[in-house]
Asker: 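Can you keep this structure in mind? I'll have questions shortly.
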Amino acid sequence: MVRKEGGDAAFCRVDVSVDKDCADGIKFGTRKYGRLDFAVNNAGWESKMMPLHELPEEVFKRVIDINLKGVFSCMRHELPIMLQQGGGAIVNVASIAGM
C-alpha cells in the first residue's frame, strides 16, 4: 500500500526489552534512510491485574523491561544520532495501563 502510493517502507523486528535489538533497529533505519529525523517509542505490555504482593517478580521485571527500559534504550541510541545531525524529534507514548 505504501509503495503503491509512491512511498517507501521497511520492517525490522525489535524486542525493546533487549538493548542490542534497539541499537540494531535504529541502525537499520538510519542506514536505509540516511538520517533519523523523528522517532516514536511506542511499546507497552501489562500483566494481569492482581494485588501487588501476589505479583511474581518475573512479571514485574518484564513490565519494567518493556515499558520503562525499552524507552530508555531506544532514546539512548536515538539521541546521539540526532545530536550529531543537528536535531530531531522523539515522541514517547504511554498508556493509562502503565500507571
Side-chain angles (χ1 to χ4, degrees):
M1 178 179 198
V2 172
R3 289 190 179 104
K4 181 180 172 186
E5 295 297 323
D8 185 27
F11 173 79
C12 177
R13 184 186 181 284
V14 172
D15 178 346
V16 298
S17 70
V18 178
D19 186 72
K20 184 179 181 324
D21 274 14
C22 295
D24 291 347
I26 292 159
K27 285 177 192 169
F28 170 83
T30 304
R31 283 190 200 121
K32 175 145 181 68
Y33 296 105
R35 294 179 54 87
L36 180 63
D37 293 309
F38 68 92
V40 178
N41 300 315
N42 183 26
W45 186 78
E46 65 179 304
S47 69
K48 178 180 147 191
M49 296 300 289
M50 65 183 73
L52 180 65
H53 66 282
E54 295 176 10
L55 183 70
E57 185 176 354
E58 310 82 55
V59 173
F60 176 75
K61 183 180 181 321
R62 181 80 175 142
V63 170
I64 294 299
D65 282 351
I66 293 171
N67 297 1
L68 181 61
K69 184 178 162 264
V71 171
F72 167 79
S73 292
C74 288
M75 289 182 66
R76 195 166 71 86
H77 296 290
E78 294 158 353
L79 284 167
I81 296 165
M82 290 181 176
L83 290 169
Q84 181 183 13
Q85 68 189 23
I90 297 174
V91 176
N92 295 318
V93 179
S95 76
I96 193 70
M99 297 178 83

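Every value quoted in this text rests on a predicted model; they were computed, and no experiment measured them.
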Asker: Report the residues that fulfil side chain to side chain donor-acceptor pair (under 3.5 Å) with Lys27, sequence neighbours left out, ordered by chain and then residue number.
Answerer: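 For Lys27 there are no side chain to side chain donor-acceptor pair (under 3.5 Å) partners, ignoring immediate neighbours.
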Asker: Would you give the length of the straight line joining atom CG of Leu68 to atom CD1 of Ile66, rounded to the nearest 0.5 angstrom?
Answerer: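 One finds 11.5 Å between CG of Leu68 and CD1 of Ile66.
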Asker: Can I get a per-line list of side-chain donor-acceptor pairs under 3.5 Å for residues 70-92, giving both atom names and the distance, sequence neighbours left out?
Answerer:
{"from": "Ser73", "atom 1": "OG", "to": "Asp19", "atom 2": "OD1", "distance (Å)": "3.1"}
{"from": "Ser73", "atom 1": "OG", "to": "Lys69", "atom 2": "O", "distance (Å)": "3.1"}
{"from": "Arg76", "atom 1": "NH2", "to": "Asp19", "atom 2": "OD1", "distance (Å)": "3.0"}
{"from": "Arg76", "atom 1": "NH2", "to": "Asp19", "atom 2": "OD2", "distance (Å)": "2.8"}
{"from": "His77", "atom 1": "NE2", "to": "Asp19", "atom 2": "OD1", "distance (Å)": "3.1"}
{"from": "His77", "atom 1": "NE2", "to": "Asp19", "atom 2": "OD2", "distance (Å)": "3.2"}
{"from": "Glu78", "atom 1": "OE1", "to": "Asn41", "atom 2": "ND2", "distance (Å)": "3.2"}
{"from": "Gln85", "atom 1": "OE1", "to": "Leu36", "atom 2": "N", "distance (Å)": "3.3"}
{"from": "Gln85", "atom 1": "NE2", "to": "Leu36", "atom 2": "O", "distance (Å)": "2.4"}
{"from": "Gln85", "atom 1": "NE2", "to": "Gly87", "atom 2": "O", "distance (Å)": "3.2"}
{"from": "Asn92", "atom 1": "OD1", "to": "Asn41", "atom 2": "ND2", "distance (Å)": "2.7"}

Asker: For the residue pair Val16 and Asp21, establish whether any side-chain heavy-atom pair is separated by less than 4.5 Å.
Answerer: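 With C-beta onward as the side chain, the pair stays apart.
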Asker: Within a radius of less than 6.0 Å around CE of Met49, do more than 12 heavy atoms belonging to other residues, nucleotides or ligands occur?
Answerer: no
Asker: Run the salt bridge (Lys or Arg N to Asp or Glu O under 4.0 Å) test against Arg3 and tell me which residues pass, sequence neighbours left out.
Answerer: Asp8
Asker: Each residue besides Tyr33 in its hydrophobic cluster should be listed here, by chain and number; the cluster joins Ile, Leu, Val, Met, Phe, Trp and Tyr at side-chain heavy-atom distances under 4.5 Å.
Answerer: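 None, because no other hydrophobic side chain comes under 4.5 Å of this residue.
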Asker: Does Asn42 have any side chain to side chain donor-acceptor pair (under 3.5 Å) partners at least two apart in sequence or in another chain, and if so, which?
Answerer: none
Asker: Return the set of residues passing salt bridge (Lys or Arg N to Asp or Glu O under 4.0 Å) with Asp15 (not counting sequence neighbours), or none when no residue passes.
Answerer: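 Result, salt bridge (Lys or Arg N to Asp or Glu O under 4.0 Å) vs Asp15: none returned.
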Asker: Which other residues end up in the same hydrophobic cluster as Met1, if Ile, Leu, Val, Met, Phe, Trp and Tyr are linked when side-chain heavy atoms come under 4.5 Å apart?
Answerer: none
Asker: Dump the intermediate steps for side chain to side chain contact (heavy atoms under 4.5 Å, CB included) on Val93 and Val40, then the final yes or no.
Answerer: CA-CA 7 Å; Val93 179; Val40 178; 4.0 Å; yes
Asker: Using the test side-chain contact (heavy atoms from CB on, under 4.5 Å), find all partners of Ala9 that sit at least two apart in sequence or belong to another chain.
Answerer: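 Result, side-chain contact (heavy atoms from CB on, under 4.5 Å) vs Ala9: Val2.
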Asker: Which pairs would a plain distance check flag for residues 54-62, meaning a side-chain donor or acceptor within less than 3.5 Å of a matching protein atom at least two apart in sequence or in another chain?
Answerer:
{"from": "Lys61", "atom 1": "NZ", "to": "Asp65", "atom 2": "OD2", "distance (Å)": "2.7"}
{"from": "Arg62", "atom 1": "NH1", "to": "Ser17", "atom 2": "OG", "distance (Å)": "3.3"}

Asker: Which pair of heavy atoms, one from Phe28 and one from Phe11, lies closest together, and at what distance?
Answerer: CZ-O, 3.7 Å
